[in-house]
*Asks:* 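What follows is a single structure, and I will ask about it in a moment.
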2 protein chains.
Amino acid sequence: MSQIYEKIARPRRLPDEIAEKLSNDINSGALKAGDKLPTEQKLSLAFGVARTVVREAISQLKFEGLIQSKQGVGAFVTNPDQKSVFRIGSSCFKKRKELAMVLQLQTSNLSASAALAAENRTSEDLSALTELHESILNSPDPSSYEITEALLDTIRSFYLAIAKASGNIHFLEIIRMIDTRLNENLRSVAIKNLMATDVNLIRSELTSIHEQILQANSESSRLATRSHFEKSTERLLARADERDV
Amino acid sequence: MSQIYEKIARPRRLPDEIAEKLSNDINSGALKAGDKLPTEQKLSLAFGVARTVVREAISQLKFEGLIQSKQGVGAFVTNPDQKSVFRIGSSCFKKRKELAMVLQLQTSNLSASAALAAENRTSEDLSALTELHESILNSPDPSSYEITEALLDTIRSFYLAIAKASGNIHFLEIIRMIDTRLNENLRSVAIKNLMATDVNLIRSELTSIHEQILQANSESSRLATRSHFEKSTERLLARADERDV
DNA sequence: AAAAACATGTTGTCAGACAACCTGTTCTTG
DNA sequence: CAAGAACAGGTTGTCTGACAACATGTTTTT
């Protein structure tokens, strides 16, 4: 969020590529639950890589819960309800409809966080929220790209502060994860969208959220947050409709 | 859900052990964001295992987003806000308060799913929901452990059917994941709790959810689901208070 | 002084070997 | 003949050593 010029274009490693191919085969149904994977030797031959590479790939998928392996027998695709992690793939930001699903998820979790925050917020949470809120109110109107970028990050921090104030670590973690993925895939769209929006509208929506959490009004916090996110989603999707995404 | 006698006591593999140790060091703060991990050679020496084992462990943590590595330089702990997966560890079911957090998360996501389900349900979704609902209504009252077990699984399937009917794959996946973890860690408590509860109460709550989704009433579905889950949580926590968890 | 070459350390990949384990087959033994 | 033991083959788990690819700091050359 703070550092700039990061994360661009790291070269893909072989294990990652293979893990993705296997993962796709599983998700696409080419490999069904209970199926036995080809042996590591066959896979390494088929992909033309060393067995260690295949093993690292399988190790990742085991960690994710997609695969279980038994020594001396083989590796098997597990039932989908044995997955032990939740992740959002990069492919989920391609189409407008898929993007909408991710935003629905974020909306749901942040609304619930806001409701909990109204009940559980500590004084540190409150001062953090207030500080970010003031910063948003006092920020210059988005004219340049850079200014808008800073505003966006402040708003994102405000969201995360709500998640933290909920007192529920799981909400913080999942919201943070989704925020990260959204930022990775949609940052430029979000910024352009923000530049084309009436910022005072957003300010008033966020003020309402802040106000309700401040007053420890759980249900109102939930509704204000949901309302804000649903509007934000509409704005973003309208924008995403026109262009790159 | 259907198969019995599973999942007990598989021997831990070395990479998993090492991944967990490193993961703990990161979560406990012994390794902070930006820190450089010891080299693979030093780690393999320190743990007394081969470098391939260390590499598999690191590969898992990279996959999780906890670590980034640069060829020729080293491996580094990433900021917590770069994690690309969401997972709930087994430690989150130990204490009553931690369990409550997991249940809050499930409540939030299932409520949102129900609201979406009321809008997006297909006819297949409806028949699946109706069938499960009828099955719950007609189920014998929980007397024996086995009967209660079957009822619990039917109710769980009903929840998952709601998630599926939302039409949002992410809700289905995260709800399924949480359900799996809850079932792994709390199944026996949940069954005993169900045996000690007035099942007609639960039946009427679920009927209300079913009814509202059937009538495509989004907000009522949301509220009915939240209400049901909050009551369920209370019942379960009261029970968990007394005993094993 | 700047650029090129080199040295060193680290991760990424490769190849081969053996250990641990599972399964089915064959052999032994009662 | 049947039950158990021994064996054989295949697969995953671990180990070892080597080299390639890359980054960084040092030395040498121009």
Side-chain angles (χ1 to χ4, degrees), chain A residues 3 5-23 25-26 31 33-78 82, chain B residues 3 5-23 25-26 31 33-78 82:
Chain A
Q3 66 250 55
Y5 293 150
E6 265 293 335
K7 156 194 53 174
I8 295 179
R10 53 179 170 178
R12 297 294 301 268
R13 311 293 181 192
L14 293 181
D16 295 337
E17 302 236 28
I18 292 181
E20 186 170 332
K21 288 190 182 182
L22 289 177
S23 181
D25 280 353
I26 292 175
L31 286 170
D35 282 1
K36 182 173 176 298
L37 264 68
T39 68
E40 294 175 355
Q41 199 181 32
K42 285 180 187 169
L43 284 176
S44 70
L45 240 61
F47 286 118
V49 300
R51 210 186 123 204
T52 50
V53 173
V54 173
R55 279 192 62 79
E56 277 192 37
I58 291 182
S59 177
Q60 293 177 355
L61 299 182
K62 272 194 292 188
F63 198 54
E64 190 170 5
L66 235 54
I67 284 180
Q68 269 181 328
S69 57
K70 288 182 206 161
Q71 182 168 353
V73 184
F76 301 85
V77 180
T78 59
Q82 296 192 25
Chain B
Q3 67 249 56
Y5 294 149
E6 267 293 334
K7 157 194 53 173
I8 296 178
R10 53 179 170 182
R12 297 291 303 267
R13 312 292 181 195
L14 292 182
D16 296 339
E17 302 236 29
I18 292 183
E20 186 171 331
K21 288 190 182 182
L22 289 177
S23 181
D25 279 352
I26 292 174
L31 286 170
D35 283 2
K36 184 172 175 297
L37 264 68
T39 68
E40 295 176 354
Q41 200 182 30
K42 285 180 187 169
L43 285 175
S44 69
L45 240 61
F47 286 119
V49 300
R51 207 185 126 207
T52 49
V53 172
V54 172
R55 281 191 62 79
E56 276 191 38
I58 290 182
S59 178
Q60 294 177 354
L61 299 182
K62 273 195 291 188
F63 198 53
E64 191 169 5
L66 236 56
I67 284 180
Q68 269 181 327
S69 58
K70 289 182 206 161
Q71 182 168 353
V73 185
F76 302 85
V77 180
T78 60
Q82 296 191 26

*Asks:* Looking only at side-chain N and O atoms, does B:Lys70 come under 4.0 Å of OP1 or OP2 in C:dG9?
*Replies:*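 Negative; the distance criterion is not met.
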*Asks:* State whether A:Lys42 places a side-chain N or O below 4.0 Å from either non-bridging phosphate oxygen (OP1 or OP2) of D:dG10.
*Replies:* no
*Asks:* Would the distance check show the side chain of A:Thr78 and the main-chain N or O of A:Gly65 forming a donor-acceptor pair, the cut-off being under 3.5 Å?
*Replies:*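 Yes.
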*Asks:* Send over the distance from B:Leu37 CG to C:dT11 C1', rounded to a whole Å.
*Replies:*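 These atoms are roughly 12 Å apart.
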*Asks:* Under 4.0 Å, heavy atoms only, any strand: does B:Thr39 hit a base, just the sugar-phosphate, or nothing?
*Replies:* sugar-phosphate
*Asks:* Nearest whole angstrom, please: distance from the C1' of C:dG12 to the NZ of B:Lys62.
*Replies:* 8 Å
*Asks:* Kindly point out which of C:dC14, D:dC15, D:dT12 is positioned nearest to the side chain of B:Val49?
*Replies:*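 Among C:dC14, D:dC15, D:dT12, the one nearest the side chain of B:Val49 is D:dC15.
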*Asks:* Check the distance between D:dG10's P and A:Lys36's NZ and give it to me in whole angstrom.
*Replies:*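 About 12 Å, once rounded to whole Å.
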*Asks:* Between A:Gln71 and A:Ala50, just flag the one whose closest nucleotide in DNA chain C comes earlier from the 5' side.
*Replies:*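 It is A:Ala50 whose nearest nucleotide is closer to the 5' end.
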*Asks:* By nearest heavy atom, map B:Thr52 and B:Glu40 onto DNA chain C; which one lands nearer the 5' end?
*Replies:*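 The residue closer to the strand's 5' end, by nearest nucleotide, is B:Glu40.
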*Asks:* Side chain of A:Arg55 only, heavy atoms from C-beta on: which candidate in D:dG13, C:dT10, C:dT13 is closest?
*Replies:*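 From the listed options, D:dG13 comes nearest.
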*Asks:* In this structure, how many angstroms lie between the C1' atom of D:dG13 and the CD atom of A:Gln68, rounded?
*Replies:* 16 Å
*Asks:* So for atom CD, which belongs to A:Glu17, do other residues, nucleotides or ligands contribute more than 12 heavy atoms lying within a distance under 6.0 Å?
*Replies:*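 Yes, the 6.0 Å shell around CD holds more than 12 heavy atoms from other groups.
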*Asks:* Measure CG/A:Leu61 against P/D:dT12 and give the value in whole Å, please.
*Replies:*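 A:Leu61 atom CG is separated from D:dT12 atom P by 14 Å.
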*Asks:* Roughly, in whole Å, what's the span from CG in B:Leu43 to P in C:dT10?
*Replies:*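 Between P of C:dT10 and CG of B:Leu43: 11 Å.
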*Asks:* Any side-chain heavy atom of B:Ile58 within less than 4.5 Å of one from B:Glu40?
*Replies:*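 Result yes, sub-4.5 Å side-chain heavy-atom pair found.
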*Asks:* A:Ser69 side chain N/O closer than 4.0 Å to the phosphate oxygens (OP1, OP2) of D:dG13?
*Replies:*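 The answer is yes; a side-chain N or O of A:Ser69 sits under 4.0 Å from OP1 or OP2.
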*Asks:* Would you call A:Gln68 and A:Gln82 a side-chain contact if the rule is heavy atoms closer than 4.5 Å?
*Replies:*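 They are in contact (side-chain heavy atoms under 4.5 Å apart), so the answer is yes.
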*Asks:* At less than 3.5 Å, do the side-chain atoms of A:Arg51 and the base atoms of C:dG16 form a donor-acceptor pair?
*Replies:*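 Side chain to base: no pair present.
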*Asks:* How long is the line joining CG of B:Leu14 and P of C:dC21, in whole Å?
*Replies:*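 Spelled out: CG on B:Leu14 to P on C:dC21 is 12 Å.
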*Asks:* Side chain of A:Val73, heavy atoms from C-beta onward: which of C:dC22, D:dT14, D:dG13 has the nearest atom to it?
*Replies:* C:dC22
*Asks:* Less than 4.5 Å apart, any side-chain heavy atom of A:Lys62 and any of B:Asp16?
*Replies:* no
*Asks:* What is the distance, to the nearest angstrom, from the CD1 atom on B:Ile67 to the C1' atom on C:dG12?
*Replies:* 16 Å
